[in-house]
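Shown next, in structure tokens, is the structure this report addresses.
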Amino acid sequence: MALTDADVQKQIKHMMAFIEQEANEKVEEIDAKAEEEFNIEKGRLVQTHRVKIMQYYEKKEKQIDQHKKIDYLTLDLLNEARQRLAEIAKDPESYSSLLVGLVLQGFYRLLEPKVTVRCRKQDVEMVQAAVTKNIPIYKEAVKSNIEVRIDLERFLPSDICGGVEMYNDNGKIKVSNTLESRLELMAHQMMPEIREKLFGANPNRRFTD
């Protein structure tokens with residue numbers, strides 16, 4: 001029995017519906033697979049970045065801990081050194097000898113023809129003696145005259161350990177040779193030794209803030 005045109009159209013529609021359904025299923029399958037792969041990749045990236053972030057903060061925490069240890073040890077050493085310097089300042093013979101060295105060093109660092117020296121009020125007499133002793137030594141060394149004035153109007157705080165501040169004639173150049181400033185310099189110079197004591201010798205170790 002021959003198919004009528006209506007039968008042929010019906011079969012064609014049926015076949016087209018089947019093809020469309022199969023295509024839609026395939027698209028859904030592809031979308032599902034793509035979403036699954038996307039979620040897997042997203043999860044992998046998130047995990048990777050989470051690990052990197054954790055490692056970063058672990059490193060930072062370790063560095064902070066190292067800096068704290070350095071700060072604590074440095075503070076202990078500086079407090080101990082400050083106490084010793086305070087004791088030296090109480091011994092007139094030792095302190096006057098120390099002032100001689102600090103004043104002469106200040107002359108050499110300034111290399112100025114006119115110098116103003118500032119000290120604690122209680123140190124004026126010893127500083128004057130140190131200046132008097134060092135002027136001929138400086139003149140002989142640099143072959144140049146120097147005029148020194150002790151500032152009797154503005155004194156260094158009486159509660160510091162001691163030492164001097166020295167200025168050029170217009171006051172724009174300053175050399176701080178107080179005992180506190182020498183302690184700070186000493187602390188900076190001691191850093192490599194402190195780090196080695198705490199963490200061992202490692203020339204490649206770097207400390208970042």
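This structure is a prediction, so every number in the text was calculated from the model and none was measured.
- One hydrophobic cluster, built from ILVMFWY side chains closer than 4.5 Å, holds both Ile150 and Leu102.
- Between Val103 and Ala130, the shortest heavy-atom distance links the atoms CG2-CB, 4.0 Å.
- Tracing side-chain contacts under 4.5 Å through hydrophobic residues (I, L, V, M, F, W, Y), one reaches Val131 starting from Leu104; they form part of the same cluster.
- When side chains are defined from C-beta on, Leu179 counts as touching Leu98, because their heavy atoms get closer than 4.5 Å.
- Looking at heavy atoms from C-beta onward, Val148 lies out of side-chain contact with Met166 at the 4.5 angstrom threshold.
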Please report the C-alpha distance between Glu87 and Lys90 in whole Å, then the side-chain angles of each, then the deciding distance to 0.1 Å, and finally whether the salt bridge (charged side-chain N to carboxylate O under 4.0 Å, His left out) criterion is met. CA-CA 5 Å; Glu87 291 301 318; Lys90 293 177 183 178; 3.7 Å; yes
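- A continuous path of Ile, Leu, Val, Met, Phe, Trp and Tyr side chains, each step under 4.5 Å between heavy atoms, connects Leu99 with Leu110, placing both in one hydrophobic cluster.
- The closest side-chain heavy-atom distance from Arg118 to Arg154 is below 4.5 Å.
- Asn177 and Gln105 share a donor-acceptor pair across their side chains, judged by distance under 3.5 Å alone.
- The shortest side-chain heavy-atom distance between Cys119 and Val124 falls under the 4.5 Å cut-off.
- The minimum heavy-atom distance linking Phe155 with Lys121 is given by the pair CD2-CA, 3.5 Å.
- Looking at Glu180, its side chain does come within 3.5 Å of a backbone N or O of Cys161 through a donor-acceptor pair.
- Counting only N and O atoms by type, the side chains of Ser94 and Ser97 include no donor and acceptor under 3.5 Å apart.
- Looking at Tyr95, its side chain does come within 3.5 Å of a backbone N or O of Gly163 through a donor-acceptor pair.
- Here the shortest heavy-atom pairing between Tyr108 and Ala141 reads OH-CB, 3.3 Å.
- Residues Pro157 and Arg120 are not in side-chain contact: their nearest non-hydrogen atoms beyond the backbone lie 4.5 Å or more apart.
- Counting only N and O atoms by type, the side chains of Asp151 and Tyr167 include no donor and acceptor under 3.5 Å apart.
- Under the 4.5 Å side-chain heavy-atom criterion for grouping Ile, Leu, Val, Met, Phe, Trp and Tyr, Val127 is connected to Ile146 within one hydrophobic cluster.
- For Asn168 (side chain) and Ile173 (main-chain N/O), a donor-acceptor pair under 3.5 Å exists by modelled atom type.
- Listed for the Lys143 side chain is a donor-acceptor partner under 3.5 Å among the backbone atoms of Glu140.
- Phe107 is not listed as a side-chain neighbour of Val142, based on a closest heavy-atom distance of 4.5 Å or more.
- Between Thr116 and Asp169 there is no side-chain heavy-atom pair separated by less than 4.5 Å.
- Looking at heavy atoms from C-beta onward, Asn145 lies in side-chain contact with Lys139 at the 4.5 angstrom threshold.
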